[in-house]
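When reading the values below, keep in mind they use all heavy atoms of this one structure, side chains included, and skip hydrogens, waters and symmetry mates. Quantities reported herein were computed from a predicted structural model and do not represent experimental measurements. Letters A, B, ... are given to chains in the order of the sequence lines, protein chains preceding strands, and every chain is numbered from 1.
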Protein chains: 2
Amino acid sequence: MKLSTKGRYGVKAMLDLAIHNSEGHISLKSIAERQDLSENYLEQLFATLRKAGIVKSIRGAQGGYTLAQSPENITVGSILRALEGSLAPVECVTESEPTQCERSGACVTKLIWERIRDRVNEVVDSITLEDLVDQYRKLNTKDEFIYYI
Amino acid sequence: MKLSTKGRYGVKAMLDLAIHNSEGHISLKSIAERQDLSENYLEQLFATLRKAGIVKSIRGAQGGYTLAQSPENITVGSILRALEGSLAPVECVTESEPTQCERSGACVTKLIWERIRDRVNEVVDSITLEDLVDQYRKLNTKDEFIYYI
DNA sequence: CTTAATTCCAAGTATATTACTAGACATTAT
DNA sequence: ATAATGTCTAGTAATATACTTGGAATTAAG
């Protein structure tokens, strides 16, 4: 039941981007350096995020990425689902195209997996990038800048 | 964020065992046949469940397994955590021995992972084998026996 | 116009994990 | 004595993860 690095790095990188959102285009290189992540690997994650309409890119020198929507409209859930796929704990309760077994109509354990799926989605869909930026600013006051993400 | 087959098969097999709990010792062979699982693989899962004190075994011919506690005292959470380890979505918020990074004291994303962990635990700890057996009996009335798990 | 900085794209790869299988041994009811 | 079980350890094929590599396309700045 672990998230992969895609989800973890993705949220971290998106929070970094949100924190610097007012500064124009942000390069992956700068995000990778600040967050100590592989730039090449981040490229793949941001390709996915771009296709999901969560970030916008500008190519060329001085190019980079910006949020495609304002931070209060980007949820952790949308980031995680873009990068990880459905957060359902088993295939058969995936929201979109569940691959149902022949017993799915009256499966007892399925009820457990659905409840887990729904609670997880509730949590991640209730937290926006704005919430995280606010938390970040509370923890990182200007006089003791420590940059925790 | 997927469960492995350990967790899925484990809950399935434990529900099967709970359903047949009144019939004495249940062999892995019979569980494997009814649930269409590998008997050898189930052995490994039940070795773990036995060490966790969730099932008891009787060796020799006509031996098998029984629940170590009554069904209302065995939660899905205890089964899943025995087989999968912590259900936390990332290592750093594992309940017992979290491997903390140097930033953990004031990490923003950590708050997300803790909330997911807590909601998942709430769900699985609130569902007992008795609940599942009840559900099962409702879905599988005697006159239309279909044995869905 | 050239260069450097960037995104974009497609493959390749080492490592780890998963989901088993295989086989030998120990125990016990019949 | 035998057959039916659980117990234990090791091996293994397939898959997924977490990247790396290399090159092409784009564009701001000098």
(message) Could you measure the distance from the CD1 atom of A:I116 to the CE atom of A:M1? Nearest 0.5 Å is fine.
(response) 5.5 Å
(message) Minimum heavy-atom separation for B:T48 and B:A82, please, with both atom names.
(response) CG2-O, 3.3 Å
(request) Provide the closest heavy-atom pair for A:S27 versus A:S30 in the form atom of the first, atom of the second, distance. (result) O-OG, 2.8 Å
(request) Report yes or no: does A:Q69 contribute a side-chain atom to a donor-acceptor pair with the main-chain N or O of A:G53 at less than 3.5 Å? (result) yes
(message) What is the distance, to the nearest angstrom, from the NE2 atom on B:H25 to the C1' atom on D:dT7?
(response) 17 Å
(request) Can you sort out which residues in residues 40-47 of chain B have a heavy atom within less than 4.0 Å of DNA chain C? Ascending by number, please. (result) B:N40, B:Y41, B:Q44
(request) Nearest whole angstrom, please: distance from the P of D:dA16 to the NZ of B:K2. (result) 12 Å
(message) Test your reading of the model: is there a side-chain donor-acceptor pair from A:S78 to the backbone of A:I74, 3.5 Å cut-off?
(response) no
(request) Please confirm whether the backbone N or O of B:T128 pairs with a side-chain atom of B:D131, one donor and one acceptor, at under 3.5 Å? (result) yes
(message) Which residue in the set A:V11, A:I127, A:V76 passes side-chain contact (heavy atoms from CB on, under 4.5 Å) when paired with B:T109?
(response) A:V11
(request) Mind listing the closest non-hydrogen atom pair of B:T75 and B:D125 along with its distance? (result) CG2-O, 3.5 Å
(message) Within residues 54-70 of chain A, which residues have any heavy atom lying less than 4.0 Å from an atom of DNA chain C?
(response) A:S57, A:I58, A:R59, A:G60, A:A61, A:G64, A:Y65
(message) On DNA chain D, compare the nucleotides closest to A:L3 and B:E39; which residue's is nearer the 5' end?
(response) B:E39
(request) For A:L15 and A:K12, run side-chain contact (heavy atoms from CB on, under 4.5 Å): C-alpha distance rounded to whole Å, both residues' side-chain angles, the deciding distance at 0.1 Å, then the answer. (result) CA-CA 5 Å; A:L15 175 51; A:K12 249 188 147 184; 6.0 Å; no
(request) Take the protein atom CG of A:L83 and the nucleotide atom P of D:dC19, then report the distance between them rounded to whole Å. (result) 14 Å
(request) Between A:R50 and B:S38, just flag the one whose closest nucleotide in DNA chain C comes earlier from the 5' side. (result) A:R50
(message) Can you give me the first and the last nucleotide of DNA chain C (5' to 3') that has an atom within less than 4.0 angstrom of a non-hydrogen atom in chain B?
(response) C:dA19 to C:dA29
(message) Quick one: does any side-chain atom of A:R117 pair with a main-chain N or O of A:V93 as donor and acceptor, under 3.5 Å?
(response) yes
(request) Have a look at A:Y65 and tell me which of A:V55, A:I26, A:L42 forms a side-chain contact (heavy atoms from CB on, under 4.5 Å) with it. (result) A:V55
